[in-house]
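Index from 1, following the sequence.
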Amino acid sequence: IADEEEKKVAKINDEVTKKQQDCERDLAKAEPALKVDHFLDSLINFDKDNIQDPNLKAIRPYLENPEFDPDFIRSKSFAAAGLCSWAVNIVRFYEVFCDVEPKRIALAKTNADLSAAQEKLSKIKAKLDDNLAELTQ
């Protein structure tokens, strides 16, 4: 009986070992996809509002190169064309953001000043209405 149990345990052990090796092989095949997902996630969540000057200086030569064009690169690689397009558009966004953000801040301050002035005017009008009502009685 013990010999039969040992054989059963050995057989189960062999099956578990084989399945474990299969899982390890599958995981090794899946690892590059996990890295791609991480890379894509870093592109999606890129802090486009805060590009550092050294990074802008580093990409300028590429942006000035006429061959750094998504349409041109697409004839070589769709993936590379996508990255090229992303880089060009991120820099364009940042340049527009840098131009618009001070205006957006100034607009918010002006709106706050306007709101305060309207509130003050409303109080003055109410007081004036009260005074006018007293005078007309």
Side-chain angles (χ1 to χ4, degrees):
I1 293 178
D3 286 340
E4 285 179 33
E5 288 301 315
E6 278 185 35
K7 288 178 185 178
K8 286 180 184 177
V9 168
K11 184 178 177 183
I12 292 171
N13 191 30
D14 289 343
E15 288 176 14
V16 167
T17 301
K18 183 180 181 293
K19 286 185 180 185
Q20 183 178 4
Q21 290 170 347
D22 289 344
C23 287
E24 288 172 0
R25 251 189 321 274
D26 290 344
L27 182 60
K29 289 178 187 175
E31 254 182 57
L34 296 175
K35 290 178 184 175
V36 168
D37 285 346
H38 176 71
F39 176 68
L40 290 175
D41 192 46
S42 69
L43 291 178
I44 291 168
N45 295 315
F46 185 78
D47 186 7
K48 61 189 176 296
D49 298 341
N50 296 305
I51 300 176
Q52 302 298 316
D53 283 337
N55 295 338
L56 288 172
K57 287 178 185 174
I59 198 167
R60 285 282 170 224
Y62 295 100
L63 296 175
E64 293 166 1
N65 184 342
E67 292 183 353
F68 194 73
D69 175 66
D71 293 330
F72 175 77
I73 294 174
R74 190 170 290 110
S75 66
K76 314 295 185 227
S77 164
F78 284 111
L83 286 174
C84 174
S85 179
W86 179 86
V88 168
N89 288 310
I90 284 291
V91 172
R92 281 185 190 156
F93 172 87
Y94 182 71
E95 289 168 346
V96 170
F97 175 80
C98 287
D99 186 44
V100 171
E101 187 61 16
K103 295 173 184 174
R104 194 180 288 161
I105 291 169
L107 175 62
K109 183 187 180 317
T110 303
N111 280 335
D113 292 346
L114 175 62
S115 180
Q118 286 174 332
E119 186 177 325
K120 186 175 180 181
L121 177 61
S122 178
K123 288 179 183 177
I124 290 171
K125 280 183 178 182
K127 189 173 182 180
L128 184 60
D129 287 344
D130 290 345
N131 290 343
L132 187 60
E134 282 180 24
L135 289 175
T136 57
Q137 288 181 352

- Message: Tell me whether Lys127 is salt-bridged to Asp130, with the criterion being a basic N under 4.0 Å from an acidic carboxylate O.
- Response: no
- Query: So which heavy atom on Phe46 is nearest to which on Ile51, and how close?
  - Reply: CE2-CG1, 3.9 Å
- Less than 4.5 Å apart, any side-chain heavy atom of Leu83 and any of Phe39? yes
- Heavy-atom nearest pair, Phe93 first then Lys48, reads CE2-CG, 3.4 Å
- Task: Find the distance between OG1 (Thr110) and NZ (Lys103) and round it off to the nearest 0.5 Å.
- Result: 13.5 Å
- Ignoring hydrogens and geometry, is there a side-chain-to-backbone donor-acceptor pair from Thr136 to Leu132 under 3.5 Å? yes
- Message: What I'd like to find out is whether the side chain of Asp99 reaches to under 4.5 Å of the side chain of Glu95, using heavy atoms alone.
- Response: no
- Query: Under 3.5 Å, is there a donor-acceptor pair linking the side chains of Ser115 and Asn111?
  - Reply: no
- Message: Between the side chains of Glu4 and Lys8, is the shortest nitrogen-to-carboxylate-oxygen separation below 4.0 Å, so that they form an ion pair?
- Response: no
- Applying the 4.5 Å side-chain criterion to the ILVMFWY set and letting contacts propagate, would Leu107 and Phe97 be lumped into a single cluster? no
- Message: Would you compute the distance between atom SG of Cys84 and atom CZ of Phe72 and round it to the nearest 0.5 angstrom?
- Response: 10.5 Å
- Is the closest side-chain heavy-atom distance between Asp49 and Glu101 below 4.5 Å? no
- Taking atom CG of Asp69 and atom CG of Leu63, what is their separation to the nearest 0.5 Å? 11.0 Å
- Message: Looking at every non-hydrogen atom in both residues, tell me the closest pair between Glu67 and Ile73 and how far apart they are.
- Response: O-CG1, 3.6 Å
- Going through the distances and angles, do Lys109 and Asp113 end up as a salt bridge (charged side-chain N to carboxylate O under 4.0 Å, His left out)? CA-CA 6 Å; Lys109 183 187 180 317; Asp113 292 346; 3.0 Å; yes
- Euclidean distance, Ile90 CD1 relative to Asp47 CG, rounded to 0.5 Å: 9.5 Å
- Message: Rounded to the nearest 0.5 Å, what separates atom CG in Asn13 from atom CD in Gln20?
- Response: 9.5 Å
- CD/Gln52 to NZ/Lys57 distance, rounded to the nearest 0.5 angstrom? 11.5 Å
- Message: If you define the side chain from C-beta out and look only at heavy atoms, does anything of Leu56 sit under 4.5 Å from Tyr94?
- Response: yes
- Using 4.0 Å as the upper bound for N to carboxylate O, is an ion pair formed by Lys18 and Asp22? yes
- Query: Can you name the closest pair of heavy atoms from Phe68 and Ala87 and give their distance?
  - Reply: CZ-CB, 4.2 Å
- Item | Donor-acceptor under 3.5 Å (Ser85 side chain, Ala81 main chain) | no
